[in-house]
Amino acid sequence: MLNVFARAAVNRVTDPIGRALVERGITPDVVTVVGTVGSVAAALWFLPRGQLALGPWIITLFVLFDLVDGAMARARGRSTLFGGVLDSVCDRIADGALFAGLAWWCLGMGEQRTLGIAALICLVASQITSYVKARAEASGLRADGGLVERAERLIITLLGTFLEGVGVPNALAVALWLLAALSIWTVGERIVAVHRSAQAAERAEQ
């Protein structure tokens with residue numbers, strides 16, 4: 001949903017940054033990889049160690065690179081096929097590392113095994129949500145939208161983690177269980193969308 005309502009406002013901030021980086025000869029692919037490596041390193045270093053207040057800020061910093069690489073592509077007036085695939089793959093890696101880091105903490109230092117299950121559900125559901133869309137588009141079908149996409153997942157997770165880190169009781173539990181439920185719902189929404197798209201395609205062929 002945020003992709004629809006916040007995109008224009010975000011672009012006004014990121015587009016000047018993107019143009020400046022392009023003028024300095026930096027490519028979007030480099031920014032994508034740097035952002036992903038930073039996100040993964042921060043998630044797997046800070047979160048398992050219980051640094052839940054600091055970790056989300058560092059992760060957010062590197063996640064914002066994902067906004068900048070898109071702005072750079074717009075500044076260049078084109079995006080490459082490889083760049084699109086690289087960006088999607090890197091998003092999946094970064095998301096997986098985030099939920100893996102939280103699950104690691106829950107099952108280890110945090111001693112919250114039940115909450116670890118929620119983190120693992122979020123990890124799997126986030127990957128499936130993206131896979132359904134990619135697989136549908138590869139078949140010429142549509143599976144756009146959904147209640148919770150990547151932006152919402154990151155905001156809910158990082159905010160809940162930070163609040164837990166500064167001492168708000170059960171903040172992470174609320175965030176992860178809420179996100180687990182919403183993510184499962186989103187997978188269902190996309191499956192329904194694919195089914196409708198397939199039916200429409202079959203009717204058009206008749």
Side-chain angles (χ1 to χ4, degrees), residues 1-7 9-10 35-67 88-134 143-193:
M1 292 189 296
L2 287 176
N3 286 341
V4 175
F5 296 109
R7 182 175 299 172
V10 171
T36 301
V37 171
S39 296
V40 170
L44 298 181
W45 176 259
F46 292 106
L47 301 184
R49 294 157 58 91
Q51 295 177 298
L52 304 185
L54 175 62
W57 286 104
I58 306 300
I59 295 168
T60 298
L61 173 65
F62 285 106
V63 165
L64 293 176
F65 279 53
D66 190 50
L67 301 176
S88 182
V89 170
C90 285
D91 286 350
R92 305 291 77 75
I93 293 172
D95 290 358
L98 171 60
F99 292 114
L102 288 172
W104 190 347
W105 176 78
C106 291
L107 299 173
M109 181 182 293
E111 298 182 346
Q112 299 189 48
R113 293 187 177 183
T114 303
L115 189 55
I117 295 173
L120 293 174
I121 291 173
C122 292
L123 191 160
V124 174
S126 68
Q127 304 298 316
I128 294 176
T129 298
S130 300
Y131 177 77
V132 171
K133 181 178 180 180
D144 293 329
L147 188 60
V148 176
E149 297 185 276
R150 187 171 190 248
E152 290 88 352
R153 286 197 301 268
L154 291 173
I155 290 171
I156 292 171
T157 304
L158 293 172
L159 180 59
T161 302
F162 171 74
L163 293 176
E164 182 82 16
V166 297
V168 177
N170 301 315
L172 184 58
V174 171
L176 288 182
W177 282 114
L178 174 63
L179 182 59
L182 294 177
S183 296
I184 292 171
W185 179 271
T186 300
V187 171
E189 281 185 305
R190 289 198 169 181
I191 293 294
V192 170

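The structure displayed is predicted, hence computed values, not measured ones.
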>> Just verifying a value: how many Å separate Leu176 CG and Asn170 CG, rounded to the nearest 0.5 Å?
In response: 11.5 Å
> Between atom CG of Leu98 and atom OG1 of Thr157, what is the distance when rounded to the nearest 0.5 Å?
Replying inline: 5.5 Å
> Where do Val187 and Ala125 come nearest, in terms of heavy atoms and distance?
Replying inline: CG2-O, 4.0 Å
> Tell me the salt bridge (Lys or Arg N to Asp or Glu O under 4.0 Å) pairs involving residues 53-67, sequence neighbours left out?
Replying inline: Asp66-Arg150
> Got a second to check how far Ile128's CD1 is from Arg190's CZ, nearest 0.5 Å?
Replying inline: 12.0 Å
> Roughly how far, to the nearest 0.5 Å, is CG of Asp95 from OG1 of Thr36?
Replying inline: 9.5 Å
>> Can you give me the closest heavy-atom contact between Gly160 and Ala175, atom names plus distance?
In response: CA-CB, 3.8 Å
> Out of curiosity, Ser183 OG to Leu178 CG, how far, rounded to the nearest 0.5 Å?
Replying inline: 9.0 Å
> Any idea which heavy atoms bring Leu47 and Ala43 closest together, and the distance?
Replying inline: CB-O, 3.3 Å
>> Please list all pairs meeting side-chain hydrogen bond (donor to acceptor under 3.5 Å, both in side chains) that have one or both residues in residues 109-130, counting only residues at least two apart or in different chains.
In response: Arg92-Ser130
> Rounded to the nearest 0.5 Å, what separation is found between the OG1 atom of Thr161 and the CD1 atom of Ile156?
Replying inline: 11.5 Å
>> For residues 161-185, which residue pairs pass the ring pair (Phe, Tyr, Trp, His ring centres under 6.0 Å) check, not counting sequence neighbours?
In response: Trp57-Phe162
> Stepwise, does the side chain to side chain contact (heavy atoms under 4.5 Å, CB included) test hold for Val174 with Leu163?
Replying inline: CA-CA 11 Å; Val174 171; Leu163 293 176; over 6 Å; no
> What are the two closest non-hydrogen atoms of Leu44 and Ala97, and how far apart are they?
Replying inline: CD2-O, 3.7 Å
>> Considering only residues two or more places apart or on different chains, which pairs with a residue in residues 37-47 satisfy salt bridge (Lys or Arg N to Asp or Glu O under 4.0 Å)?
In response: none
>> Looking at every non-hydrogen atom in both residues, tell me the closest pair between Gly116 and Leu107 and how far apart they are.
In response: CA-CD2, 4.1 Å
> Can you tell me if Thr186 uses its side chain to pair, donor with acceptor, with the backbone of Gly146 under 3.5 Å?
Replying inline: no
>> Tell me the closest heavy-atom pair linking Leu115 and Ala173, and the distance in Å.
In response: CD1-CA, 3.5 Å
>> Give me each pair satisfying ring pair (Phe, Tyr, Trp, His ring centres under 6.0 Å) with a member in residues 89-112, each pair once, sequence neighbours excluded.
In response: none
>> List the residues meeting salt bridge (Lys or Arg N to Asp or Glu O under 4.0 Å) with Arg49, not counting sequence neighbours, and say none if there are none.
In response: none
